[in-house]
Visitor: 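Sending over a structure as structure tokens; questions will come in a sec.
Count residues from 1 along the sequence. Each ligand, and each atom within it, is numbered from 1 in the order the structure gives.
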Amino acid sequence: LIKPLSIAVAGLGTVGGGTLSLLERHADLIEQRCGRKVRVAAVSARDKKRDRKLDLSGAAWFDDAVGMAREAPAEVVVELIGGSEGIARQVCETAISSGKHVVTANKALLAHHGVALARAAESKGVSLHFEAAVAGGVPVIKGLREGLAGNGISRVTGILNGTCNYILTSMRESGKEFAEVLEEARKLGYAEADPSFDIDGIDTAHKLAILTSVAFGCETNFGGIHVEGIRHVSARDIAFAEELGFRIKLLGITRMTEHGVEQRVHPCLVPARSAIATVEDVNNAVMVEGDFVGNIMFQGRGAGAGPTASAVVADIIDIARGVNIPTFAVPADKLARIPASPMERHRGAYYIRLMVRDQPGVIADIAAALRDAGISMESMLQHGRAPAGAVPVVMTTHATEEAAMTQALTRIGALKAVFEPPRMIRVEPL
Ligand SMILES: NC(=O)c1ccc[n+]([C@@H]2O[C@H](COP(=O)([O-])OP(=O)(O)OC[C@H]3O[C@@H](n4cnc5c(N)ncnc54)[C@H](OP(=O)(O)O)[C@@H]3O)[C@@H](O)[C@H]2O)c1
């Protein structure tokens, strides 16, 4: 008889609670699939008295999660506390140095310290798994690392933050402005009290750093990511985008270019009929371009107790089965250091919205600024007339370098007849 796999779980919140519920509900299924039982030997959270609606009677309680990582009689430590520093980091480091495998859902920790943790784990002969850290329940890490292991990957594009996708979907459907929809999302529990990590693109960037490493076999480089959030997306831009046949999505994109790895997080116009545009509400999606497989898209729920538990338990099952794959798909000491391709070198099409004085000659001045920067316009929209007032003028361009676009926008923004700073949103031809 093979002995059960003993695990210690640090953090019993949304993800930890979901994980324990799944392990209990599917104990038989898991035993059948692993050939051994999975036993929760120890748990830790902040408040021992809290009623968690979980049966914790068989598990030893630890007030100190780091002490648990060191001393608990377990082969695996499951870190579900969160945060890139402090307790979560100590729990993972201690577990590894004590010779225990680690499963975590902690994208912030991996984006900043994943390579160091992977090196430590591999030198100790233990594994570090993190399926739930990227796109929650969507098995994109396994998809990339295992299912697509035979492919050269050229690009990964993802909707990686459910809060942002919900807000943008809701803005489009209701015509309301960002602030109002954010408030509604908070009331519905789709946005946190402090939503800045989500809406400013940081959470997406954490996940993108991890995807880049797995896709390209390189070290994570969070600092090399160009990050913009969705605070400045307006109802007006969403409506214009729709009229032009696009939707606005917050995307994380990582791409190999001649200048290095281009990693960027920002709102994008995507064709309304593209597969990724149809991924709405809190759903996540990851699109991968592989040289043999072609384009492939994973999609599903990126957060919540059930989907994240699904991913965490898949990692636990891998360990129970004895699966041991290098953390970021290639051994940690073989991960390449690829330079970050600067944003000025990005090439793509652009959407520009200007608020201009409705008078003759203005469009000619704008067109001249674009022409002088070598940018050619693809389409232009202008609605309504407001003699002496401001009217919105919207343009899309053909592909150009970001540096040229920045130069043109500086000149256009300085024109007397242009009232507000120009709004620019990049167009992704998906
Ligand atoms: N929520 C999601 O849908 C989701 C999706 C993907 C990834 N993640 C990641 O999963 C991790 C956990 O997220 P969550 O949403 O489950 O968080 P959460 O609901 O806030 O739960 C955090 C848990 O950690 C415990 N904790 C906090 N400080 C602790 C300490 N010093 N010692 C021991 N335990 C401590 C808390 O204890 P108390 O219960 O006693 O307060 C709580 O049980 C994060 O890394 C997050 O980024 C979450």
Visitor: What residue pairs, at least two apart or across chains, pass ring pair (Phe, Tyr, Trp, His ring centres under 6.0 Å) with a residue in residues 272-307?
Guide: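 Found none.
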Visitor: Are the charged groups of R145 and E131 less than 4.0 angstrom apart, N to O?
Guide: no
Visitor: Ligand 1: which protein N/O atoms lie under 3.5 Å from its N/O atoms?
Guide:
residue: ligand 1; atom: 3 (O); partner: G304; partner atom: N; Å: 2.7
residue: ligand 1; atom: 16 (O); partner: T14; partner atom: N; Å: 3.1
residue: ligand 1; atom: 16 (O); partner: V15; partner atom: N; Å: 2.8
residue: ligand 1; atom: 19 (O); partner: T14; partner atom: N; Å: 2.9
residue: ligand 1; atom: 19 (O); partner: T14; partner atom: OG1; Å: 3.3
residue: ligand 1; atom: 37 (O); partner: R46; partner atom: N; Å: 3.1
residue: ligand 1; atom: 39 (O); partner: R50; partner atom: NH1; Å: 3.1
residue: ligand 1; atom: 39 (O); partner: R52; partner atom: NH1; Å: 2.8
residue: ligand 1; atom: 39 (O); partner: R52; partner atom: NH2; Å: 3.3
residue: ligand 1; atom: 40 (O); partner: R46; partner atom: N; Å: 3.0
residue: ligand 1; atom: 40 (O); partner: D47; partner atom: N; Å: 2.8
residue: ligand 1; atom: 40 (O); partner: R52; partner atom: NH2; Å: 2.8
residue: ligand 1; atom: 41 (O); partner: R46; partner atom: NE; Å: 3.2
residue: ligand 1; atom: 41 (O); partner: R46; partner atom: NH2; Å: 2.9
residue: ligand 1; atom: 41 (O); partner: R50; partner atom: NH1; Å: 3.3
residue: ligand 1; atom: 43 (O); partner: L12; partner atom: N; Å: 2.8
residue: ligand 1; atom: 43 (O); partner: G13; partner atom: N; Å: 3.0
residue: ligand 1; atom: 47 (O); partner: K107; partner atom: NZ; Å: 3.3

Visitor: Kindly state each residue pair satisfying ring pair (Phe, Tyr, Trp, His ring centres under 6.0 Å) with at least one member in residues 96-145, sequence neighbours excluded.
Guide: H112-H206, H112-F222, F130-F328
Visitor: Quick check on R186: does its CZ atom have over 12 non-hydrogen neighbours (other residues, nucleotides or ligands) under 6.0 Å away?
Guide: yes
Visitor: How would you list, by chain and number, every residue that makes a salt bridge (charged side-chain N to carboxylate O under 4.0 Å, His left out) with E420, sequence neighbours excluded?
Guide: none
Visitor: Would you say S213 and T220 are linked by a side-chain donor-acceptor pair, where the criterion is simply a distance under 3.5 Å?
Guide: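 No.
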